[in-house]
Amino acid sequence: MEEEVAKEGRSYVVQHAEESFKRVAKAYFVESKWRKEGYVPSFEEYMKNAQISSGYPMLVTNSYVGMGNVASKEAFEWISNDPKMLMASAILSRLMNDIVSHQFERERDHVSSAVECYIKEHGVSREETVKIFRREIADAWKVINEGCMKPTAFPMPLLTRILNITRTTDVIYKDDDAYTKSYLLKDTIASLLVDPVIV
């Protein structure tokens, strides 16, 4: 990869890609430490780390690598500074994931989810927590949509990457954890690739 981007005069992408992987690895380490110690962080502390451990900042940053000159040095600096739209995507993905997977994850040795953190901190039921999270997810969508509609210094294809990765999350975690239970996506993938609707 380094040689390819160097030929294009874009060697700066390597540093940003590497840094995004380092950040997610550090966030995973924090979660591993919490799990090992049996520590349940505050909801705020959990979400600060979870925005990175969701992997979305790393996914988006690395998706820019293959975009050629559309993803300029300034674009990589922008995405590396956690713009509001990117963090909304990370919040949405983490909350959607935790809503559908937290009960399954409680059955195995796993770090506390946003659901457990919120319940412990606020003393509310799972149902109330999910209602609150659904409102936060709706608010995150508003931030993402606003980010796509307001004029920006960066080309729309860069913003579309964030939007499309977030849309994928919506499909994967809408009703169940289809990331873990990938067989749940079989019909969706078939309708897209095998039996597409011709327009």
Side-chain angles (χ1 to χ4, degrees), residues 1-98 101-102 105 108-117 136 140 143-144 147 152-155 157-170 172-173 177 179-180 182:
M1 178 175 87
E2 281 185 69
E3 292 171 13
E4 287 298 314
V5 294
K7 287 179 197 172
E8 298 170 4
R10 300 176 61 240
S11 53
Y12 54 86
V13 305
V14 174
Q15 177 190 356
H16 288 282
E18 286 176 355
E19 285 304 314
S20 72
F21 277 108
K22 287 178 188 175
R23 282 182 79 196
V24 82
K26 287 176 186 175
Y28 289 160
F29 179 76
V30 168
E31 288 182 354
S32 176
K33 185 178 174 196
W34 288 345
R35 184 203 50 78
K36 184 178 181 193
E37 295 171 357
Y39 176 68
V40 180
S42 69
F43 178 69
E44 183 180 346
E45 183 181 12
Y46 174 84
M47 288 303 295
K48 183 178 178 188
N49 190 68
Q51 288 177 48
I52 306 306
S53 72
S54 70
Y56 279 74
M58 181 269 301
L59 282 173
V60 173
T61 300
N62 284 279
S63 77
Y64 285 8
V65 172
M67 293 184 73
N69 292 327
V70 172
S72 64
K73 185 174 185 175
E74 293 76 23
F76 275 94
E77 289 168 2
W78 172 72
I79 204 67
S80 295
N81 283 304
D82 301 332
K84 195 174 174 183
M85 184 179 175
L86 177 65
M87 291 298 99
S89 175
I91 289 168
L92 181 149
S93 69
R94 175 50 58 206
L95 293 180
M96 287 188 77
N97 179 328
D98 283 1
S101 67
H102 91 97
E105 289 175 350
R108 57 191 182 128
D109 194 17
H110 203 274
V111 69
S112 294
S113 72
V115 175
E116 280 95 24
C117 294
E136 288 196 33
V143 170
I144 293 164
T152 177
F154 302 102
L158 298 173
L159 306 177
T160 303
R161 289 288 170 112
I162 298 171
L163 175 63
N164 286 339
I165 288 173
T166 310
R167 286 175 175 160
T168 303
T169 298
D170 196 62
I172 292 171
Y173 296 113
D177 184 355
Y179 183 82
T180 302
S182 57

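The figures that follow rest on heavy atoms only: side chains count, while hydrogens, waters and symmetry mates do not. Being a predicted model, the structure only gives us computed values, none of them experimental.
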Derivation and outcome, salt bridge (Lys or Arg N to Asp or Glu O under 4.0 Å), residues Lys48 and Glu45: CA-CA 5 Å; Lys48 183 178 178 188; Glu45 183 181 12; over 6 Å; no
Polar side chain donor-acceptor pair, [X] to [Y], under 3.5 angstrom:
| X | Y | value |
| --- | --- | --- |
| Thr169 | Ser93 | no |
| Asn164 | Thr160 | no |
| His16 | Ser80 | yes |

Rounded to the nearest 0.5 Å, how far does [atom2] of [Y] lie from [atom1] of [X]?
| X | Y | atom1 | atom2 | answer |
| --- | --- | --- | --- | --- |
| Gln51 | Leu95 | CD | CG | 9.0 Å |
| Ile91 | Met96 | CD1 | CE | 14.0 Å |
| Ile172 | Tyr179 | CD1 | OH | 8.0 Å |
| Tyr39 | Ser112 | OH | OG | 10.0 Å |
| Ile162 | Leu59 | CD1 | CG | 11.5 Å |

[X] versus [Y], closest heavy-atom pair with distance:
| X | Y | result |
| --- | --- | --- |
| Val24 | Gly55 | CG2-CA, 4.1 Å |
| Val70 | Leu158 | O-CD1, 3.8 Å |
| Tyr56 | Ile165 | CE2-CG2, 3.0 Å |
| Ser54 | Arg94 | CA-NH2, 3.4 Å |
| Leu92 | Ile144 | CD1-CD1, 4.4 Å |
| Thr61 | Ile79 | OG1-CG2, 3.8 Å |

Evaluate the side-chain contact (heavy atoms from CB on, under 4.5 Å) criterion for residues Glu116 and Val111: first the C-alpha distance (whole Å), next the side-chain angles of each, then the deciding distance (0.1 Å), finally the verdict. CA-CA 10 Å; Glu116 280 95 24; Val111 69; over 6 Å; no
Hey, does [Y] have a side-chain heavy atom less than 4.5 Å from the side chain of [X]?
| X | Y | result |
| --- | --- | --- |
| Glu74 | Phe154 | yes |
| Tyr12 | Gln15 | no |
| Asn62 | Ser20 | yes |
| Phe76 | Val65 | yes |

Name every donor-acceptor pair, under 3.5 Å, that has one atom in a side chain of residues 26-37 and the other anywhere in the protein, sequence neighbours excluded.
residue : atom : partner : partner atom : Å
Glu31   : OE2  : Ser53   : OG           : 2.6
Arg35   : NH1  : Asp109  : OD2          : 2.7

Short question: side chain of Ser89, backbone of Met85 - any donor-acceptor pair under 3.5 Å?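 No, Ser89 side chain to Met85 backbone: no donor-acceptor pair under 3.5 Å.
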Look at the side chain of Asp177 and the backbone N and O of Ser101, then say whether any donor-acceptor pair between them is shorter than 3.5 Å. no
Who pairs with Arg161 by salt bridge (Lys or Arg N to Asp or Glu O under 4.0 Å), at least two apart in sequence or on another chain?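 Arg161: no salt bridge (Lys or Arg N to Asp or Glu O under 4.0 Å) contacts found.
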Yes or no on side-chain contact (heavy atoms from CB on, under 4.5 Å) for Leu86 and Trp78, after CA distance, side-chain angles and deciding distance? CA-CA 10 Å; Leu86 177 65; Trp78 172 72; over 6 Å; no
